Structures are given as C-alpha cells and as structure tokens.
Amino acid sequence: MRPVTKSKLFRLLRTPVLCYVSLVVIVGVFQRRIIYFPFHKTETSLIAQAREDGCEPWRDAAGAVIGWKSARRDRLPAENRLVLFHGNAGYALDRIHYLDGFQQLDGGRLWEVYLFEYPGYGARSGSPGQESFTKAGLEAIKTLRTADVRPIYLLGESLGSGLACALAQREAATVAGLFLLTPYASMGDVAAHRFGFLPVRQMLRDPWDNVAALSDYHGPLAMLIADEDEVVTAAQGRKLFDGYAGPKRLWTLPGATHNTIDFSADAPWWREVSDFLLGHAPARLSSP
C-alpha cells in the first residue's frame with residue numbers, strides 16, 4: 001500500500017474543511033434569522049383584529065403601540081399586572097388565551113394582562129435581538145411603573161423567557177414575580193441541542209443566559225414545562241429551575257410537547273400559578 005502524502009491528505013481534507021467553515025460562516029451571519037421568526041402585519045389590521053378579540057392597543061408615553069390589553073370597562077382595575085413576553089413565531093395578539101386564562105380568575109379581580117410586542121414583530125418597527133428586546137422591555141416596565149403602583153409580574157413564554165429573566169435581573173426591585181412557560185436555560189444550550197456539531201456558543205450574539213440572569217433575582221418563580229418538549233427540551237427547564245435559589249414551584253405536563261400546552265380555560269394550572277405567585281409576593285416593592 002502506497003503511503004498517503006501530505007499533499008494528498010491536504011487535498012482529501014480540503015473540501016470537507018471548506019464546507020464546514022462555510023457552514024460556520026453562514027450560520028454565524030444569519031443566526032438571528034434562525035433564532036427569530038417574526039410575523040408582520042399592518043397596525044391598522046392589528047387594531048381591527050384586536051377589536052374583534054376584545055382588546056385595545058397598549059401605548060407608551062409617546063402614543064406608540066407597544067402591545068395589547070383587554071378593552072373591558074365593566075369592572076374595577078385588577079389588583080395586579082402581568083406582562084407577557086411571547087414565544088417565537090407569530091405576534092403578541094396570537095396569545096390572547098393568556099388574557100382569557102388569567103383574567104377569568106375571581107371575576108377579573110386579580111390580573112390585568114398586557115401582551116408585549118417585540119421590535120420587528122407585528123407592526124412594530126425595529127429589528128429582533130437581545131439588545132433591542134431588552135431596551136424595549138425596560139421602557140415598557142417604566143411605562144407601567146409611571147402609570148400606577150400596582151404590582152408588576154412577568155410571564156416569559158419560550159423565547160420570551162429570555163427577556164422575562166433579563167428584565168427580572170435588571171428590575172429586581174420592581175418585578176413582584178416571574179412565570180416561565182417552556183423556558184430554556186440559555187440560548188447557547190438551545191443552539192447546542194440543535195447544532196452541536198458547530199461552535200455555536202462562541203458564535204452567539206444573543207446568548208440569553210437565563211441561569212445567570214436569575215442569579216440576581218430572588219422573587220417567586222413559577223415554571224411550567226412540557227415533558228416531551230422537542231424544541232428546548234424539558235431538561236433545560238429543569239436545569240433552570242434547579243439552579244434557582246428563591247421561592248419556586250414547578251409544573252410538568254406529561255405527554256405535552258412544546259406546542260401542545262393545555263391552554264383551555266379549565267386547565268388547573270391557571271389558578272395554581274396565580275395562587276403561588278400571589279402567595280409569595282414580596283411585602284414591599286419600589287414605587288415609581
């Protein structure tokens with residue numbers, strides 16, 4: 001057998017190496033298109049859709065639409081406010097089931113739910129990314145704090161768990177409680193689960209490290225994970241939950257996948273999550 005020369009070995013390896021390097025470059029350049037899947041719609045059409053769903057725009061101090069809330073006027077303001085940061089696909093108005101689920105409790109006395117919209121999603125201008133999301137989220141919390149002193153809770157769904165944790169870290173004195181649904185430990189873990197053959201942790205521009213963020217937050221944490229989650233995996237949710245040092249409670253839905261969570265109005269976890277968060281709320285929070 002003739003020995004393989006260095007030049008022949010180089011020729012053999014050149015093509016697969018070039019292909020691998022090209023793949024790394026492509027994933028690195030287009031990573032935000034892989035992570036974020038925004039759906040777009042005009043503001044006029046979204047307002048019409050909101051009206052049909054019994055919602056109205058949630059506006060900032062300048063009058064810009066930053067999300068949505070219930071348009072009901074037939075009851076007193078709820079005692080607590082809950083801001084939803086939704087999952088990846090679609091836009092905020094696709095999540096009105098959170099309004100129905102939480103605002104049904106005790107005749108609407110407990111919760112007023114706000115559906116936050118990300119920059120670059122729906123009709124909102126801007127580009128998706130950790131920096132733009134966090135800046136917009138901080139401004140939304142400031143809008144609520146300026147409006148009144150009712151407690152503010154955060155709900156992070158899937159992708160939105162990253163923003164919810166980041167805001168809980170930055171606004172620890174303001175956030176009364178946190179509810180994470182199908183969350184991940186970090187975006188690096190999600191990327192490694194899907195692209196483990198690439199150096200994805202080193203490539204990420206938006207690391208969304210929820211474990212690190214929650215190390216600076218000590219309020220009540222409610223978490224719901226899908227036992228058969230094929231997107232972020234249940235193991236990531238458990239890792240995040242196990243590493244949290246504050247008051248916490250975990251709900252696991254057997255047989256549920258990432259997109260088959262039971263959001264029906266009679267699902268028991270609506271009441272259970274609400275009772276846990278309100279039962280562990282801190283006595284005092286910073287006021288505007």
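The model shown is predicted, which means the values in this text are computed figures rather than measured ones.
Remark: Tyr244 engages no residue in a ring-ring contact (aromatic ring centres under 6.0 Å, His included) (not counting sequence neighbours). Residues satisfying the salt bridge (Lys or Arg N to Asp or Glu O under 4.0 Å) test with Arg81, not counting sequence neighbours, are Asp148. With sequence neighbours excluded, the residues forming a ring-ring contact (aromatic ring centres under 6.0 Å, His included) with His97 are Phe263, listed by chain and number.
With ring centers used as reference points, Tyr98 lies 6.0 Å or more from Phe179. No close placement of the Tyr121 and Tyr91 rings is indicated, their centers lying 6.0 Å or farther apart.
Listed by first then second residue, pairs satisfying ring pair (Phe, Tyr, Trp, His ring centres under 6.0 Å) with a partner in residues 140-170 read Trp111-Tyr153, not counting sequence neighbours. Here side-chain hydrogen bond (donor to acceptor under 3.5 Å, both in side chains) pairs that include residues 54-65, with residues two or more places apart or in two chains, are Glu56-Arg73.
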Hey, can you pull the donor-acceptor pairs under 3.5 Å for the side chains in residues 249-257, sequence neighbours left out?
from	atom 1	to	atom 2	distance (Å)
Trp251	NE1	Glu272	OE1	2.7
Thr257	OG1	Thr260	OG1	2.8

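With a 6.0 Å radius and a threshold of 12 heavy atoms from other residues, nucleotides or ligands, Lys239 has its NZ atom at or below the threshold.
A salt bridge links Arg271 with Asp106: the distance from a Lys NZ or Arg NE/NH1/NH2 to an Asp or Glu carboxylate oxygen falls below 4.0 Å.
When all heavy atoms are compared, the tightest approach of Pro119 to Ala136 is CG-CB, 3.8 Å.
Rounded to the nearest 0.5 angstrom, Leu221 CG and Phe276 CZ are separated by 7.0 Å.
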